[in-house]
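Working notes, beginning with the structure itself.
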Amino acid sequence: MKSYDPGYLEKIIDKFPRVKLVNLPTPVHRLENLAKELGLGELLVKREDLTGLAFGGNKSRKLEFIIADALSKKADTIITWGSLQSNWCLQTAAAARRCGLRPILVLFRTYELSQVDQGNILLEKLLDADIRFFEARTKGKSLAQEEAFRCLEEIADAEKARGHRPYMVSVGGSATGGHMEKPLGALAYFLSMIEVYRQLSESGMPDWIVVASGSGATQAGLLVGARALGLKTAVAGICVSDSREEFLPLVKNIALELRDMLSLDLTLEEKDFILYNNYLGEGYGIINSKITEIIKMVMQKEGLVLDPVYTSKAMTGLVDLARKKHFSSGEKILFLHTGGTPALFAFSDRLLAADRF
Ligand SMILES: Cc1ncc(COP(=O)(O)O)c(C=O)c1O
């Protein structure tokens, strides 16, 4: 299989329109106390929660390409959807405001929360985003793309009638659809993999990258990036939205679209797509006492703040896999902290009384 020079790959990516939103490279550092607790040789974290835009997170990296695409299509409004405490929606609203676009956010109640004006929603209100709430038919799952786009299209038609030029993009900036015709979210994580390579290739690349996988592009981009660089690094996604069976085709599709968009001569094998299903708990956005324990343990051992919906479930997976000796001794593990921490505040009653739920 062919492998590519990182500089060559960066040059290809330079051709895509991009706005500057994030501070790069994000830091990588050791989690020594946690590594000791779990009996791991080396455990590192890449701090994508420190990208810098509106409390940071993986989505601001994707939005550098997505907002540039919206601007090149002469849009003046961006419309997207997410769940109640969607970090994607917050990041989109912040990026849109910074670049002079109007943000319209459709928030589906895919889980119940008592504190609505907290966390990401509070910040979206401070950004004066136009927020529309909708009831989701099924709880604990992400919304089907077709159902969400039907809703977005109605809003887009009304905006057009008022003289606006809307740009619609799917949840998480992952699946193509609406006005995003290319896998731009995954492109951002392809580039992030090159960043990891530049940071770690001298000291040794990780054997594993563990990451929360919610709408698919972060995992897909990292995986295609790793294989394009000729690395054996396993990119393990922890399912946080839907079951593996439902989710796997989406991740594969995004990865193949990205490979084809970049005209890479790569074969992605079935075994490359690693998705662990056991840490979803009772469903998307639903937390239990195990999740709370992990959040507390990581804070108390490392002072590292995880979020309740994504990174805490990904870390639950990492901890369980380590305790079950799934990683071979001496292997290097990189945990990708994808952000989302403002949601903690909206879950405060559940976090402080997790045993009751
Ligand atoms: C904080 C956070 N972490 C991880 C993810 C998962 O990333 P992706 O949607 O690219 O799978 C998301 C979004 O779904 C997120 O908001």
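Order of appearance sets the numbers: ligands from 1, and atoms from 1 within every ligand.
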- Query: Is a side-chain N or O of K46 found less than 3.5 angstrom from the main chain of V196, in a donor-acceptor match?
  - Reply: no
- Query: Using a threshold of 4.0 angstrom between heavy atoms of the protein and any atom of ligand 1, which residues qualify?
  - Reply: N58, K59, K62, N87, S174, A212, S213, G214, S215, G216, A217, T218, Y310, T338, G339, G340
- Query: Can you check whether D157's main-chain N or O pairs, donor with acceptor, with R162's side chain at less than 3.5 Å?
  - Reply: no
- Task: Indicate yes or no: at least one non-hydrogen side-chain atom of P27 is less than 4.5 angstrom from one of L50.
- Result: yes
- Item | NZ/NE/NH1/NH2 to OD/OE distance under 4.0 Å, R198 and E10 | yes
- Task: For E48 and T26, indicate whether the former's side chain and the latter's backbone hold a donor-acceptor pair under 3.5 Å.
- Result: no
- Mind checking whether F16 and F65 have parallel, tilted or perpendicular rings, split at 30° and 60°? perpendicular
